[in-house]
Amino acid sequence: MENNLLDWILFLPLASAAICGLVFRQSGSVAGVISIGSAIVNSVLALFLLTNLKAGDAITWSREICRFGETSLTVGYSVDQYSALMLFVVTFVGAWIHLFSWGYMRDDGARGRYFAGLSLFMFSILGIVLANGLVMTFVFWELVGFCSYMLIAHYFDKDFAAAASKKAFIVNRIGDLGFILGIAACLSLYGTTDFDALKVAVAAKPAPALVGFLLLGGFIGKSAQFPLHVWLTDAMAGPTPVSALIHAATMVAAGVFLMARIFFVLHPDVLQLCLWSGAAMAALAGLCALAQTDIKKSLAYSTLAHLGIMGAALGLGHPELALLHMATHACFKATLFLGAGSIIHGCHHEQDMLRMGGLAKKMPITFATFLVATLSNCAVPFLAGWYSKDAILEAAHEHGVLVFALLSMAALATCLYSGRMIRLVFMGDARSEASTHAHESPWTMLLPLIVLGLGYSVFAGNYIGIPAASVSVLPAPMHFHFGAASIVGLGSLIFGFFGALWFYGRSKGDALRDASPMIYGALERRWMDNLYDGYVARVQQPLIEALAFIDLALINGIGGKILGAGIPAGLGALSRRLFHTGSARVNAAWFAIGALLIAALLLGIL
Amino acid sequence: MEHTTLAHHLLLAGLLFAAGLTGVIIRRNLLVVYMCLELMLAAATLALVAFSRFNNTMDGAVLVFFVITVAAAEVAVGLALIVALYRRTGTVSSDQLNTLCD
Amino acid sequence: MPDPLFVFFAALTLGAAGLLVLSRNAVTSAMGMILALVGIAAEFFLLDAYFLGVLQILVYAGAVMVLFLFIIMLLNTDKPETKYPWMKAAGGLAVFLFLSAGVIALILHSGALDKVAGPTPPELSNNPAEFSTAAKAFGRLLYTKYMLPLQMAGLLLLLALVGVVNLSKDAKPNA
């Protein structure tokens with residue numbers, strides 16, 4: 001029965017994508033209904049699976065697709081409770097985002113393509129979750145990358161969207177190079193890439209650090225970890241629901257999921273790297289969010305910060321905490337992005353926070369859900385974000401002072417940019433024409449906000465059956481004693497959130513920019529992008545020019561001078577007369593002569 | 001039949017093939033070129049049938065069956081391509097279709 | 001001396017092929033092509049391949065050539081010249097002689113002719129599918145040994161169908 005269920009879960013979105021993409025490209029409404037319907041059915045199926053899967057149970061099924069000597073490659077399913085949880089998060093959040101898209105994309109001319117893309121994305125991400133081995137994961141991993149590319153480039157006639165999609169795709173390729181090398185390393189060391197078999201093999205013979213580093217490459221690329229994080233903020237060029245689904249809730253979380261899944265392969269050195277880069281990125285990205293005026297970019301930096309926290313949790317040796325944070329983050333960040341979408345929709349596609357303001361009265365429901373999700377993001381006690389973030393802070397506290405300091409910094413930064421966002425967007429007076437005439441969004445957009453925001457961000461912690469099951473999966477990290485973590489969390493919450501509310505109320509524009517342009521500029525500046533640009537301009541370009549020089553000077557220059565220009569020129573002219581006439585008939589004649597010659601050679605005449 | 005040998009059939013097939021190839025080389029009209037290609041295929045089928053008959057095996061004849069099938073499909077697609085080309089460029093002369101040359 | 005019928009049809013086929021290659025008018029070329037295909041079908045009959053002969057006439061001379069004629073008339077690209085280009089025809093003849101010399105040389109050297117009068121070669125002698133005039137023999141082979149190619153041929157026809165429909169849809173101007 002389970003196999004059948006998994007088949008349905010996996011292939012329903014594919015069928016929907018095929019139908020939307022191939023048949024209903026022109027009729028967006030039909031495509032939308034099909035895509036949304038399949039997403040909702042899928043989430044129900046995933047819920048059914050999650051509730052029926054008992055603790056410790058796992059469904060495994062695999063089938064060989066090809067065999068090279070001793071090595072066989074398989075595809076199949078391997079679902080334990082972690083993946084069932086992930087499955088549910090992906091399908092549940094995905095379903096609501098599908099519904100949200102209905103309202104958000106109503107005036108879009110290419111809805112058929114859009115919904116086909118969403119469904120295809122669901123298929124790919126579910127493939128990653130269900131996969132039983134690295135090879136199948138990799139296939140779907142690339143498919144996810146492609147879907148992301150396709151959806152970022154939804155407005156492909158805009159230059160920035162086209163450039164952003166290219167950037168996301170190429171940066172991901174860099175990480176995936178490591179991933180595929182890691183798979184090859186696993187194959188050559190252990191002769192298998194199936195998770196179960198690999199686990200047994202690694203237990204017998206620990207994996208060298210190199211394998212872990214290589215596999216980490218995939219995680220760094222897909223989950224936008226430092227130094228490959230540069231694509232995520234640009235990826236906001238896509239439609240807002242896409243940012244919510246792919247670049248906040250699910251795709252970037254796929255890397256975390258994969259790392260948790262192959263946690264047993266990772267060498268302690270790898271975990272150290274993961275820890276420090278994650279913690280540092282969490283702190284820095286949170287601060288960078290303060291220097292963004294585009295609401296979606298600000299949220300993107302917030303996502304980077306949370307991904308850093310997840311990376312740090314992995315590095316601390318708590319993959320289950322990383323997964324928990326991924327699940328709660330998926331819900332409140334999806335709500336935040338959808339809320340941003342609702343705001344953008346209501347403000348007639350205005351994305352600049354400095355040109356918003358006073359929206360609380362005009363968009364009350366959006367405000368309420370956005371506020372709740374923000375508070376969850378700030379880890380207000382007993383909201384979803386608190387459970388995971390506090391536990392991670394706790395673990396960091398046990399580990400060492402520096403990591404704890406970095407993560408505390410991240411927590412404070414989270415509260416700061418959250419307060420800033422609320423203050424700039426919802427409070428004060430309207431600062432532009434668009435926000436003066438803002439209007440509340442239709443119900444298809446509000447319902448997902450309410451369900452995800454109020455229902456899930458608030459209660460995900462320990463109420464209702466679903467999240468309760470998700471928490472019970474985890475080996476009891478939920479011992480809340482009033483420790484350093486709680487103090488830091490609460491302190492940063494009170495100081496940061498309310499401080500930001502006060503601070504940003506002081507000026508018409510961005511208070512930080514007015515107070516200290518230097519700090520603001522430093523935060524706004526895109527250091528890594530500049531570094532990469534510098535690399536391309538200073539290292540890669542001269543290298544290529546040197547190669548071109550060698551080519552021209554040695555081969556053309558010296559070759560031409562020494563051998564004399566006559567012979568090559570003569571040959572060139574001859575070949576131009578004989579071969580490159582541009583006439584198909586001459587080509588046919590040469591073809592006939594060549595065929596005769598080859599036949600003669602084969603028969604041994606010549 | 002008794003006095004007609006395999007050599008005669010192969011000779012005929014070879015000459016037909018050469019005639020078709022000549023047409024491909026010297027003609028400009030793509031439609032005629034296409035017919036010449038078909039002639040080359042037909043010549044090849046003649047050789048196949050002859051081999052099949054003289055070796056007393058059915059395989060060559062079955063192969064001819066497939067050749068005819070493929071040729072029919074090919075003609076349909078090829079002619080559609082020529083028509084599309086004509087719609088776009090207004091010519092079916094291979095001498096004027098040299099956009100890829102430079 | 002070969003069968004007179006063979007000689008007759010060989011001459012007919014070659015003459016028709018010459019008409020195909022040398023005629024200035026595309027419709028005349030198509031007529032030459034039809035004649036050549038009928039001649040080849042006649043050679044099939046002489047080789048006892050009756051089924052293939054019928055198929056040749058039905059599919060080639062019937063369907064395919066009608067299609068050609070349709071397209072020729074649809075495009076109507078003939079620009080009759082005032083004088084027949086004899087020089088070009090002579091050049092074509094030279095090409096033809098060169099190519100046929102090559103082909104004949106290949107045939108002579110291929111060793112295929114040594115087997116003319118011999119019995120069925122040993123590698124084929126235990127083949128149950130002996131040459132037969134019956135269409136049934138085709139059917140048996142097609143549905144046993146050549147099952148996969150048969151399916152692929154069907155798929156190919158389907159793809160050609162879809163492709164042609166797609167190709168002949170009215171393209172948007174300047175798209």
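Heavy atoms only: backbone and side chains are in, while hydrogens, waters and symmetry mates are out. All chains are named by letter (A, B, ...) in the order of the sequence lines, taking the proteins before the strands, and each is independently numbered beginning at 1.
Annotation: maximal heavy-atom pairing with chain C below 4.5 Å, among L21(B), V70(B), V24(B), L46(B), occurs at L46(B). Note: A61(B) leads A61(B), A43(B), G23(B), C36(B) in heavy-atom pairs under 4.5 Å with chain C. Taking chain B as the reference chain and counting heavy-atom pairs below 4.5 Å, the highest number among I71(C), L55(C), V64(C) is found for I71(C). In terms of non-hydrogen atom pairs under 4.5 Å with chain B, the most contact-rich of L142(C), L97(C), L156(C), L22(C) is L142(C). Of the listed residues (L39(B), V83(B), T69(B), I26(B)), the one with the most heavy-atom contacts under 4.5 Å to chain C is L39(B).
Within the model, atoms CG of L46(C) and CZ of F8(C) stand 11.0 Å from one another, a figure rounded to the nearest 0.5 Å.
Of the two parts of E38(B), the backbone and the side chain both hold a non-hydrogen atom closer than 4.5 Å to a non-hydrogen atom of chain C. Proximity to chain B is absent for every atom of A63(C), based on heavy atoms less than 4.5 angstrom apart. Heavy atoms of V103(C) lying under 4.5 Å from chain B belong exclusively to its side chain. With a 4.5 angstrom heavy-atom cutoff, F66(B) touches chain C only via side-chain atoms. Proximity to chain C (any heavy atom under 4.5 Å) is shown, for T45(B), by both the backbone and the side chain. Heavy-atom distances place both the backbone and the side chain of L16(B) under 4.5 Å from chain C.
Counting non-hydrogen atoms of neighbouring residues, nucleotides and ligands closer than 6.0 angstrom, the CE atom of M147(C) exceeds 12 such neighbours.
A distance-only check finds no donor-acceptor pair linking the side chain of R27(B) to the backbone of V32(B) [under 3.5 Å]. Using a distance-only test at 3.5 Å, with no hydrogens or angles considered, a donor-acceptor pair links the side chain of T13(C) to the main chain of F9(C).
For the residue pair A26(C) and M35(B), the shortest heavy atom distance occurs at O-CE, 3.9 Å. Looking at every heavy atom in both residues, Y86(B) comes nearest to T91(B) through CD1-N, 3.6 Å.
Relative orientation of the F6(C) and H9(B) rings is perpendicular, given thresholds of 30° and 60° on the angle between their planes.
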